[in-house]
Structures are given as structure tokens and as C-alpha cells.
Q: 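Take this structure first; my questions come after.
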2 protein chains.
Amino acid sequence: MNKSIYDQYQENKRFVAVDCVIFGYEEEQLKLLVFERDIEPAKGEWSLLGGWVNVNESTEAAARRVLHKLTGLDDVYLEQVHTFSDPNRDPGGSVITVEYYALIKIDDKAANLIKDYGAKWFTIAALPKLIFDHDILVQKALEKLRLRSSYEIIGRKLLPEKFTITRLRNLYDQIFQRQFDPGNFRKKILSLKVLERLEEKDMSESRKGAFYFKFKPKQEGEFSDPIFKRSI
Amino acid sequence: MNKSIYDQYQENKRFVAVDCVIFGYEEEQLKLLVFERDIEPAKGEWSLLGGWVNVNESTEAAARRVLHKLTGLDDVYLEQVHTFSDPNRDPGGSVITVEYYALIKIDDKAANLIKDYGAKWFTIAALPKLIFDHDILVQKALEKLRLRSSYEIIGRKLLPEKFTITRLRNLYDQIFQRQFDPGNFRKKILSLKVLERLEEKDMSESRKGAFYFKFKPKQEGEFSDPIFKRSI
DNA sequence: TATTTTACTTTTATAATTCAATTAAAACAA
DNA sequence: TTGTTTTAATTGAATTATAAAAGTAAAATA
């Protein structure tokens, strides 16, 4: 096969990396996992989880690889967000980065591994300044997460097996940074018929107790319309 | 500055390309511009407009460069769609491609240039088989275009200066591949107050004639809610 | 047994959407 | 002139969705 046109561009090959915005949900707060960078430039500053993409690897595989190394998990929910390619975005070199966001359960056994890597969970409000263009990456990931959350009920990957509607609503409050009306939220969610009510109640939040729910097995192409009119 | 960690990855640098899905609107049809490929592999087959990304160039700049070369236009509307990175997607080599879609007016003087490049407009229904994963790229671009079109009134870049509501509705019919109700569509569009009615009428389509409209100057952050409930 | 607390339900008003029917304007033909 | 035709443009009634608030329920506790 004639590869001449490809060979001509050898000198134009680029560094390609992935960056992951890792979301978790804990203590009624949407949180983000960030890292103290251990290489120059910007050593010691806060950064997203990143890594190089190898030659014979897709960017998604690379993202799964670095996430697995960090957390030990291999069934992480991943969604591609955007690709950033300004040649000056990284002072260390001209690096193209493909951004993903990941959803993980904070209560996982991953906790120890994460600590070893100098990583820390922050709420969105308390997030420190990140290196390079990573603040923009976080904004983009949030927008994408909001978009996703307004077309399907997110939470399978963020909530524990069983949870109350109030807890799910709180997650949505966090994602969209606004208060959803309890009555209307409940009505809407239940009308979608993706949740199944358990007989058990959570008695920790109120005298009356709140029923636990769990997700029904996922059905493909469940909805195609936005769930909430004013969510985005 | 210590670049050792970067230098270590020199041998992992990747070919990076852009591919453009070019949409146009002509004779009440949404069309797509595709090319007869003039290099191996897959020479002679139909393909999207692509090009290499240079070392000191962002992917968007590269997309604008190849679009300019093709059409002579430099105010094309561009939106990033997705990045494809499967190492086996291109039989010529392991190429990562960043996909954009572009909206251009077919009636432009670009027509001649386009012809010189062996390019041809096809309706979506009549699109031939494309090389590699380009059929998937087209689907992705359509989805993104639909998403965009359901959050703002698209058409500034596809319709001529003045147009009738019926023509705008037809464009939406094409994008979403369904029939919008004429009365409801008109009511909705006008309620958004982004169009201005001209005194002139288009008499070519009916006895009564239909008023021409034009877009008001664009205002930032115009909408944040989906325009159509059942569009996607 | 009354109080407190939060889950959960219901109500009501308002707004948006759909679908069908109607009206309007102008060209054209008898 | 007058009726017919064609498509634009408007209207209205029925339905559905949304927002906000008020009310009810259950169980622990004082």
C-alpha cells in the first residue's frame, strides 16, 4: 500500500493526551476529583487526571486505562466531551487533549488507591484553580453532564443501589445548581417508569421515613425528549 | 523547562486530521458535500473533506484552512462534533480525526471552486457509501446539527438573506426528517422574536404570496430551553 | 397524647401544545 | 365581473404540561 502521503506528514505528528473530569456524589454534594500534578511544568498545582494516548490505542481506551490505574474500576461510565488543540494550551509542548467525563461512586473501594495518587474530592463551589485550560474543561464537562441529565435520568452510576427520591432530586439540584420542586420532580420521575419502589424505607432523614427506590434494568432508547423544560 | 516526560513520548506521537461534514440547503433539500478521494488508500471512493492538522495549528484552524481552500469562504459556521481515534479506523495509518460540521450557502460563488475539487452535493437520502467510518461521522454530525437546531433557530448560515417562514419550516422538516405543523411552527418561531418581517412578498409559491422575513442581529445567550418539545 | 419533622400527595391556576378548522389574498379562468 | 383555486396565515377548542402552594401521612419524641 502506498503510504507516501502519510509519511510526508511524519514530522507533523502530534502529542495526544486524554483528560478526565471525574464526578462523584457524596454527602448530598456533587464532587470532582482533582490531582496534585507531579511533573513539570506546573508541578504541585491542581489538575485533572490526564495521560498520554498510545499509538495503538483509542482515546477512550486510554481514558479507561488511566481511570483503572487510579481507581481499580473498569466499568466506569465515560462520555467524550470535547477536544482541545490550541498549540499553546500546554506550556510543556503542543498537546492535543481529548476530554472525557466519568461518573463513579465515591463509596467504592477505590478510596485508598485514590488517596495514594494525591487526589482529592472537591465540591464544584470549592474547586481550586486548575492548571492550563482545565477550568474550561470542567465547565464543558458540566454542560455535557447537564445535557445528558436532561435527556435521561442519570444516577445509575452515581447513586448507590437503593436511594430515595429526595436523594435523586438532590443530585439533580446539584447538577443544575437550582432547586427542583419536590412534588413536581417526584411526579415527573415516577411518570417515566424507570424506577422501582422497594418495600424498605430510609428512616435516617425523617420520622415518616422515605421509600427506597432502585433503577429498573436499562432499556435502550428510553426517551428522546427532554425530561425537564427548564433544566438547561 | 524540563520536558523529559514529554520527550519520552516522542515515539507515541500521532497523526491528527480533521474531517468536515459540510451541510448546504438548496431546492428545499438539505444536502451534504462529499469528495472523490484522490489519494490511496481508497482512491476514487467518496469521502468527507479532510486534511492534516499541522503542528502549530489548532484543529479548528485546520478545518477553516481546508474549508477556505475548497470554497474560498472564511466566515463558515463550524461546530466540533466528535473525535474518532480507533487505531484501525484508517487503513493507511493510525490517524486520530477531529470532526466538525460546517454550514454554507450553496448559492455562493464557491460553486466553481468546489467543482474543481471533484466535490458533489448529495441529499441525505441519496448519499453514497463513504470510506472508512465516514458514514458514522455523518450520523454524528446530523445528531449534533439537530441538537443545535433545537436550541436555537438555525438558518442564518443556510438560508439566503430573506426567506419565508414556509422555507424555514421546510429546512427544519429536512433536518429532523419529519413534518412540522405549519400553524404551530409559525406561532413558535414568531414568539421567539428573532425574525423581522419585511414588506416584500414571495409570490412564486402561491397566489396569496408569503411575506419574506430576515434574521434580526444575533443576540448572545438568546435561548437556553429547547425550542421544540418533540424535535429530537 | 400533642408536637415535630420530613415524606408524600393533591389541588389549583396558568401556560404550552396539538390538531383541525377557518379566513385571507391574489391569480386566473369563465 | 365573479367564482374557483391555491397556499399563506390565523383562530379556537381540547388536551397536556408546569409551577407553586397547601394539605395529608407516618412515626419518633417530649
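Reminder, nothing fancy here: chain letters follow the sequence lines and each chain counts from 1.
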Q: Got a salt bridge between A:Arg148 and A:Glu79, using NZ or NE/NH1/NH2 to carboxylate O under 4.0 Å?
A: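 A salt bridge is present here (some side-chain N lies under 4.0 Å from a carboxylate O).
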Q: Can you pull the salt bridge (Lys or Arg N to Asp or Glu O under 4.0 Å) pairs that have at least one residue in residues 119-129 of chain A, sequence neighbours excluded?
A: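 Checked against salt bridge (Lys or Arg N to Asp or Glu O under 4.0 Å) - neighbours excluded - the pairs reaching residues 119-129 of chain A are A:Lys129-A:Asp135.
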Q: Under the ring-ring contact (aromatic ring centres under 6.0 Å, His included) rule, collect the residues that match up with B:Phe84, sequence neighbours excluded.
A: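 By the ring-ring contact (aromatic ring centres under 6.0 Å, His included) rule, B:Phe84 matches B:His82.
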Q: Provide, to the nearest angstrom, the distance between the CG atom belonging to A:Asn170 and the P atom belonging to C:dA7.
A: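 After rounding, the reported distance stands at 11 Å.
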Q: Round to the nearest Å and state the distance from A:Phe185 atom CZ to C:dA7 atom P.
A: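 Checked: the CZ to P distance equals 13 Å.
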Q: What residues, two or more places apart in sequence or in another chain, satisfy salt bridge (Lys or Arg N to Asp or Glu O under 4.0 Å) together with A:Lys31?
A: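 Counting only residues at least two positions away or on another chain, A:Lys31 forms a salt bridge (Lys or Arg N to Asp or Glu O under 4.0 Å) with A:Glu26, A:Glu27.
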Q: Calculate the interatomic distance between A:Leu168 atom CG and C:dA7 atom P; express it in whole Å.
A: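 In whole Å, C:dA7 P and A:Leu168 CG are 13 Å from each other.
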Q: I'd like to check the salt bridge (Lys or Arg N to Asp or Glu O under 4.0 Å) partners of B:Glu200; sequence neighbours left out, ordered by chain and number.
A: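 With neighbours one apart ignored, the set is B:Lys162.
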Q: Tell me, for nucleotides 5-11 of chain D in 5' to 3' order, what letter each nucleotide earns: B for a base near a protein heavy atom under 4.0 Å, S for only sugar-phosphate near one, - for neither?
A: BBBBSB-
Q: Can you give the donor-acceptor pairs under 3.5 Å from side chains of residues 168-175 of chain B to other protein atoms, not counting sequence neighbours?
A:
| residue | atom | partner | partner atom | Å |
| --- | --- | --- | --- | --- |
| B:Asn170 | OD1 | B:Tyr25 | OH | 2.7 |
| B:Tyr172 | OH | B:Ser149 | O | 2.9 |
| B:Tyr172 | OH | B:Glu152 | O | 3.1 |
| B:Tyr172 | OH | B:Ile154 | N | 3.0 |
| B:Asp173 | OD1 | B:Phe180 | N | 2.9 |
| B:Gln174 | OE1 | B:Leu30 | N | 3.2 |
| B:Gln174 | NE2 | B:Glu28 | O | 3.3 |

Q: To the nearest angstrom, how far is A:Ile189 atom CD1 from C:dA7 atom P?
A: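 A:Ile189 atom CD1 is separated from C:dA7 atom P by 16 Å.
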Q: Considering residues at least two apart in sequence or located in another chain, which fulfil the salt bridge (Lys or Arg N to Asp or Glu O under 4.0 Å) criterion with A:Lys115?
A: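 By the salt bridge (Lys or Arg N to Asp or Glu O under 4.0 Å) rule, A:Lys115 matches no residue at all.
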Q: Could you work out how much the helix from C:dT1-D:dA30 to C:dA30-D:dT1 bends, comparing the axis of its first five pairs with that of its last five, to 10°?
A: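 Nearest ten degrees gives 30° for this helix.
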Q: Considering residues at least two apart in sequence or located in another chain, which fulfil the salt bridge (Lys or Arg N to Asp or Glu O under 4.0 Å) criterion with A:Asp75?
A: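 Testing A:Asp75 for salt bridge (Lys or Arg N to Asp or Glu O under 4.0 Å), a comparison that skips the adjacent residues, returns A:Lys157.
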Q: Can you tell me the distance, in whole Å, between the CG atom of A:Asp181 and the P atom of C:dT11?
A: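 Taking CG of A:Asp181 and P of C:dT11, I get 16 Å after rounding.
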